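Reading through the structure tokens given below for one structure.
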Number of protein chains: 2
Amino acid sequence: MALLLELEHSARKVSAGEILWQENARVDLFCVVKEGWAYSYRNLINGSMQILKVYLPGDVIGMRDFGFTQRLSGVAMINDGVVCPFTYQQLFDLFRHSPALTAGIIAIAVRQQAMLTERLVYIGRHTAQQRLAHFLYEIYVRLDRVGAVEAGRFSLPLSQEQLGDVLGLSAVHISRMFTMLRDEGLVLRERQQLYFPDPGALARMAEFNDAYLDESLPSVFHSLAQAAPSNSL
Amino acid sequence: MALLLELEHSARKVSAGEILWQENARVDLFCVVKEGWAYSYRNLINGSMQILKVYLPGDVIGMRDFGFTQRLSGVAMINDGVVCPFTYQQLFDLFRHSPALTAGIIAIAVRQQAMLTERLVYIGRHTAQQRLAHFLYEIYVRLDRVGAVEAGRFSLPLSQEQLGDVLGLSAVHISRMFTMLRDEGLVLRERQQLYFPDPGALARMAEFNDAYLDESLPSVFHSLAQAAPSNSL
DNA sequence: CGGCTGGTTGAGTCGTGTCAACTGCGGTGG
DNA sequence: CCACCGCAGTTGACACGACTCAACCAGCCG
């Protein structure tokens with residue numbers, strides 16, 4: 001609880017396009033996104049970029065660099081927002097005081113990585129249309145969880161260039177895939193607002209399996225939480 | 001120490017092709033690979049497979065499923081070997097007794113994920129030749145660490161079909177890329193033995209950056225290890 | 001009003017996949 | 001010991017998906 005309160009204190013406003021940290025920077029802190037979207041990225045020698053992960057409100061940024069001395073990827077804001085940084089030391093304190101929360105933190109980090117792993121699968125083995133559909137559907141599910149989907153509509157502040165960098169495709173091809181998805185009646189779009197007329201059909205087309213987004217914890221975690229006197233997640 | 005000794009007790013022989021667990025199986029244990037190679041994989045609807053990670057002796061298998069109730073990927077042995085399973089409960093005991101080892105375990109899991117993330121980058125943005133070169137070079141570095149490279153030569157027990165499943169390419173194209181690499185004098189191969197005449201050139205061609213394989217821990221970890229009376233990693 | 005950024009569309013190229021035939025090797029059984 | 005089978009790898013022909021380049025369009029902001 002103390003940690004959560006501390007977090008609120010350190011809240012910081014950030015603006016669209018702002019770089020939270022660069023590749024190769026020293027690793028000293030992590031962030032919780034409170035408002036706005038962010039993404040982590042890698043710049044390549046040939047000038048192209050690979051976006052690794054898109055962070056929505058509630059996500060923790062930087063866990064991927066835990067235990068490294070250098071950042072393996074940069075992080076930038078997509079739109080204006082608020083982040084709450086916290087330090088290594090705070091995390092270590094947590095480890096010392098609550099095995100239950102430790103397990104919870106790890107579970108969160110693992111879940112984030114599961115999304116990356118899933119993308120590896122569909123980037124490696126699916127068509128461009130499926131990749132885009134899969135990514136859109138994932139965002140839809142994640143937004144729905146934090147209550148950011150209203151009547152099936154949600155907003156996607158990513159440019160098609162950025163979508164291409166997420167999915168390993170060219171911006172031009174993203175545009176083409178959007179028109180295909182529209183022609184097939186799977187994805188409607190006006191400005192940054194998206195709407196899926198038939199979410200089920202979209203999920204099937206993308207071969208979407210939501211197991212990797214499952215948020216329930218195995219029963220062992222609950223007994224652990226009871227063993228130590230602290231809040232479960 | 002007690003945990004490490006327990007591990008030795010549970011050592012189990014496994015044979016080539018043996019499935020350690022299937023996708024969707026219940027998550028109950030993890031494994032340390034003592035001998036042999038293993039890989040984790042996902043089977044797709046269209047019949048193809050994506051290999052997620054190749055495990056070498058010393059690697060921990062299954063951390064990616066930590067906190068999930070179902071396995072997100074299956075794991076199979078590539079050749080004969082020995083694995084040492086351990087349970088959730090043993091891991092929790094560790095969390096309770098040593099914050100330092102907890103941080104170390106997380107660091108190990110994060111490093112494994114870093115390899116997956118790196119592959120996402122080069123599968124998304126590199127050519128087939130670079131992908132193969134990058135993967136081979138990574139294996140080379142990892143094998144070198146555990147002393148499995150002799151005079152620059154090492155063995156690669158993966159079939160070209162499996163290499164294709166790792167890199168999101170067809171087996172036929174893997175074969176072509178091998179001949180290209182040979183013609184360019186970058187990779188020599190006879191049976192399962194590989195040799196790089198000019199490792200530096202290969203690394204440059206693959207745009208290989210070894211930051212993600214860095215094994216050193218930031219200084220904060222060492223002070224943590226001293227704070228609690230237990231072995232550092 | 002003009003420039004800039006993001007998106008759309010078309011034409012042509014190139015990388016990778018697919019299918020198929022063929023080779024070489026290792027293991028197995030007669 | 002040899003004949004056979006089967007699997008892994010190689011090579012070629014062809015198809016197709018995605019990229020590049022370029023022109024064009026639509027908002028948005030100065």
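Hydrogens, waters and symmetry mates play no part in the numbers below; they use all other heavy atoms, side chains included. To find a chain, count down the sequence lines: A is the first, B the second, and so on, and within it residues start at 1. Please read all numbers here as calculations on a predicted model, not as lab measurements.
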Tell me if a side-chain donor or acceptor on [X] pairs with a main-chain N or O of [Y] at a distance below 3.5 Å.
{"X": "B:Gln112", "Y": "B:Ala109", "value": "no"}
{"X": "B:Tyr55", "Y": "B:Gly36", "value": "no"}
{"X": "A:Asn79", "Y": "A:Trp37", "value": "yes"}
{"X": "B:Thr117", "Y": "B:Gln113", "value": "yes"}
{"X": "B:Gln130", "Y": "B:Met205", "value": "yes"}
{"X": "B:Arg111", "Y": "B:Asp214", "value": "yes"}
{"X": "A:Ser10", "Y": "A:Pro85", "value": "yes"}
{"X": "B:Arg125", "Y": "A:Gln50", "value": "no"}

End axis versus end axis in the helix from C:dC1-D:dG30 to C:dG30-D:dC1, the angle rounded to 10°, five pairs used at each terminus: 30°
Salt bridge (charged side-chain N to carboxylate O under 4.0 Å, His left out) partners of [X], counting only residues at least two apart:
{"X": "B:Arg12", "value": "B:Glu18"}
{"X": "B:Arg42", "value": "A:Glu118, B:Glu23"}
{"X": "B:Arg145", "value": "B:Glu215"}
{"X": "A:Lys53", "value": "none"}

Aromatic plane relationship, B:Phe196 with B:Tyr137 - under 30° parallel, 30 to 60° tilted, over 60° perpendicular: parallel
Aromatic ring pairing B:Phe30/B:Phe86, orientation class (parallel under 30°, perpendicular over 60°, tilted between): tilted
When you compare the protein's N or O atoms with those of nucleotides 27-30 of chain D, which come within less than 3.5 Å of each other, and at what distance?
{"unit_1": "D:dC28", "atom_1": "OP1", "unit_2": "A:Arg191", "atom_2": "NH2", "d": "3.3"}

Atom-pair distance (CD on A:Gln160; C1' on D:dA18), nearest Å: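 Computing the A:Gln160:CD to D:dA18:C1' distance gives 15 Å.
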Any residue of residues 43-54 of chain B with a heavy atom less than 4.0 Å from an atom of DNA chain D: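 Those residues whose heavy atoms fall under 4.0 Å from DNA chain D, taken from residues 43-54 of chain B, amount to none.
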Strand-adjacent residues in residues 162-181 of chain B, judged by heavy atoms under 4.0 Å from DNA chain D: B:Val172, B:Ser175, B:Arg176, B:Thr179
Inter- and intrachain pairs under salt bridge (charged side-chain N to carboxylate O under 4.0 Å, His left out), touching residues 57-67 of chain A, at least two apart: A:Asp59-A:Arg142, A:Asp65-A:Arg71
Pairwise salt bridge (charged side-chain N to carboxylate O under 4.0 Å, His left out) hits with a residue in residues 184-199 of chain B, at least two apart: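 Matches after skipping sequence neighbours: none remain.
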Within residues 116-130 of chain B, residues whose heavy atoms come under 4.0 Å of DNA chain C: B:Thr127, B:Ala128
Touch class at under 4.0 angstrom, heavy-atom based, for B:Arg189 against every strand present: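 Answer is sugar-phosphate: B:Arg189 comes under 4.0 Å of backbone atoms only.
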Donor-acceptor side-chain pairing of A:Glu138 and A:Tyr212 below 3.5 angstrom: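 The criterion, which ignores hydrogens and geometry beyond distance, is satisfied for A:Tyr212 and A:Glu138.
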Nucleotide range of DNA chain C lying under 4.0 Å from chain A heavy atoms: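 The footprint of chain A covers C:dG7 to C:dA11.
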